[in-house]
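As a basis for the values below, the full set of heavy atoms in this structure was taken, side chains included, without hydrogen atoms, waters or symmetry mates.
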Amino acid sequence: MASSSFLAVSSIVFSVLFFNGMVPMHVASQDDIISTVCKKTRNPSFCFNVLNSAGTTDLKGLAIFTLNLANNKAAQSRVLAQSLESNATDPKLKERYATCAIHYNNVVDDIVDGKNYLGKGDYNGVNTMASIAMTEARDCLDSFMQPPKDPSALSGNGKVVEDICNIILVIANRLLGRA
């Protein structure tokens, strides 16, 4: 008898809390936030993989996570481009790798600026810097449109940097209330 009274009271308390919004529905809202962001990116499956590993669904937290990820990947790409440049024997490839190293150095700077804007709550600034970083990564990729093709992993890295920056753009737009 006591256990059925306890269950009835527990059920009532839960119902009151649930319907008054006191019990957060984290699972649904987490999926909704990630889904909403990723649907607006150009590579949704990549976005889902990235954001599901973030450990947060807070938009600012996602912005920090993706900015850090873009920074790390761009820094790796810069180091790779510098290494490829120093080892390249083909003068065209050597020049392209040198140019890519400069582009990825700019991407790193742009992402750092984006982090600073985020810290100030300037989401337009975050958006602008992510867009510029995306263009810099694309410029490196475009340099390999003519032969000789890039035989390294640099092109793959560039695509990843672009996709991460695209996620940052969508998150910044959400923070601005545009998306």
Side-chain angles (χ1 to χ4, degrees), residues 34-56 59 61-119 122-176 178-179:
I34 290 173
S35 178
T36 300
V37 168
C38 291
K39 284 179 186 176
K40 294 187 180 283
T41 64
R42 65 182 193 181
N43 190 346
S45 61
F46 175 82
C47 177
F48 279 108
N49 288 335
V50 167
L51 295 187
N52 280 325
S53 67
T56 183
L59 284 173
L62 291 173
I64 291 166
F65 178 80
T66 52
L67 283 162
N68 287 334
L69 192 61
N71 190 27
N72 292 342
K73 195 63 172 176
Q76 290 170 1
S77 298
R78 177 185 57 206
V79 169
L80 178 58
Q82 290 167 336
S83 173
L84 291 167
E85 176 197 2
S86 67
N87 294 320
T89 55
D90 183 310
K92 286 183 181 179
L93 282 177
K94 191 172 202 63
E95 181 182 334
R96 289 178 189 163
Y97 290 137
T99 300
C100 283
I102 293 167
H103 284 303
Y104 284 114
N105 191 60
N106 293 341
V107 171
V108 169
D109 290 344
D110 298 336
I111 296 300
V112 168
D113 289 346
K115 288 180 182 184
N116 291 333
Y117 283 123
L118 182 66
D122 181 351
Y123 308 129
N124 274 320
V126 175
N127 185 306
T128 299
M129 299 319 308
S131 180
I132 293 168
M134 206 168 148
T135 300
E136 290 279 353
R138 170 54 42 200
D139 288 346
C140 173
L141 290 171
D142 286 349
S143 72
F144 291 100
M145 296 302 288
Q146 299 296 319
K149 295 288 185 195
D150 175 28
S152 73
L154 190 60
S155 294
N157 284 7
K159 174 85 170 88
V160 169
V161 170
E162 271 192 303
D163 286 346
I164 297 168
C165 289
N166 183 243
I167 296 168
I168 296 165
L169 285 171
V170 174
I171 292 169
N173 282 333
R174 296 261 318 150
L175 287 166
L176 286 164
R178 291 187 198 157

Judged by atom type as modelled, is there a donor-acceptor pair below 3.5 Å linking the side chain of [X] to the main-chain atoms of [Y]?
{"X": "Lys149", "Y": "Met145", "value": "yes"}
{"X": "Ser131", "Y": "Asn127", "value": "no"}
{"X": "Thr41", "Y": "Val37", "value": "no"}

How about OH on Tyr123, more than 12 heavy atoms from neighbouring residues, nucleotides or ligands closer than 6.0 Å, or not? yes
Verdict with reasoning, Lys39 to Ser35, per side chain to side chain contact (heavy atoms under 4.5 Å, CB included): CA-CA 6 Å; Lys39 284 179 186 176; Ser35 178; 3.1 Å; yes
Point-to-point distance, once rounded to the nearest 0.5 Å, from [atom1] of [X] to [atom2] of [Y]:
{"X": "Asp110", "Y": "Tyr104", "atom1": "CG", "atom2": "OH", "answer": "12.5 Å"}
{"X": "Cys38", "Y": "Asn52", "atom1": "SG", "atom2": "CG", "answer": "7.0 Å"}
{"X": "Asn49", "Y": "Ile34", "atom1": "CG", "atom2": "CD1", "answer": "10.5 Å"}
{"X": "Leu59", "Y": "Thr36", "atom1": "CG", "atom2": "OG1", "answer": "9.5 Å"}
{"X": "Gln76", "Y": "Leu80", "atom1": "CD", "atom2": "CG", "answer": "9.0 Å"}
{"X": "Asp109", "Y": "Ile132", "atom1": "CG", "atom2": "CD1", "answer": "11.5 Å"}

Start with the C-alpha gap between Leu118 and Leu67, add the side-chain angles, then the distance that decides, and say whether side chain to side chain contact (heavy atoms under 4.5 Å, CB included) holds. CA-CA 10 Å; Leu118 182 66; Leu67 283 162; 3.9 Å; yes
Could you report the tightest heavy-atom contact between [X] and [Y], atom names first, then the distance?
{"X": "Thr56", "Y": "Gly61", "answer": "CG2-C, 3.7 Å"}
{"X": "Val161", "Y": "Ala74", "answer": "CG2-N, 4.0 Å"}
{"X": "Ser77", "Y": "Asn157", "answer": "OG-CB, 3.1 Å"}
{"X": "Val126", "Y": "Tyr117", "answer": "N-CB, 3.7 Å"}
{"X": "Ala81", "Y": "Leu154", "answer": "CB-CD2, 4.0 Å"}
{"X": "Ala63", "Y": "Ile171", "answer": "CB-CG2, 3.8 Å"}

What do the steps show when you test Lys73 against Val107 for side chain to side chain contact (heavy atoms under 4.5 Å, CB included), and what is the final call? CA-CA 10 Å; Lys73 195 63 172 176; Val107 171; over 6 Å; no
Do [X] and [Y] touch side chain to side chain, with heavy atoms closer than 4.5 Å?
{"X": "Val112", "Y": "Met129", "value": "no"}
{"X": "Leu51", "Y": "Ser53", "value": "no"}
{"X": "Lys115", "Y": "Asn71", "value": "yes"}

Cys165 vs Ile111, test: side chain to side chain contact (heavy atoms under 4.5 Å, CB included). Steps then yes/no. CA-CA 9 Å; Cys165 289; Ile111 296 300; 4.2 Å; yes
With sequence neighbours left out, write down each residue that passes salt bridge (charged side-chain N to carboxylate O under 4.0 Å, His left out) with Asp90, or none if nothing qualifies. none
Contacts of Asp163 meeting salt bridge (charged side-chain N to carboxylate O under 4.0 Å, His left out) (sequence neighbours excluded), chain-then-number -> Arg42, Lys159
Name each donor-acceptor pair under 3.5 Å that joins a side chain in residues 93-101 to protein atoms two or more places apart or in another chain, with its distance.
from: Lys94; atom 1: NZ; to: Glu85; atom 2: O; distance (Å): 2.7
from: Arg96; atom 1: NE; to: Ser143; atom 2: O; distance (Å): 3.1
from: Arg96; atom 1: NH1; to: Gln146; atom 2: O; distance (Å): 3.0
from: Arg96; atom 1: NH1; to: Pro148; atom 2: O; distance (Å): 2.7
from: Arg96; atom 1: NH2; to: Pro147; atom 2: O; distance (Å): 3.2
from: Tyr97; atom 1: OH; to: Asp150; atom 2: OD1; distance (Å): 2.7
from: Thr99; atom 1: OG1; to: Glu95; atom 2: O; distance (Å): 3.0

Step by step, would you call Arg78 with Asn106 a side chain to side chain donor-acceptor pair (under 3.5 Å)? CA-CA 9 Å; Arg78 177 185 57 206; Asn106 293 341; over 6 Å; no
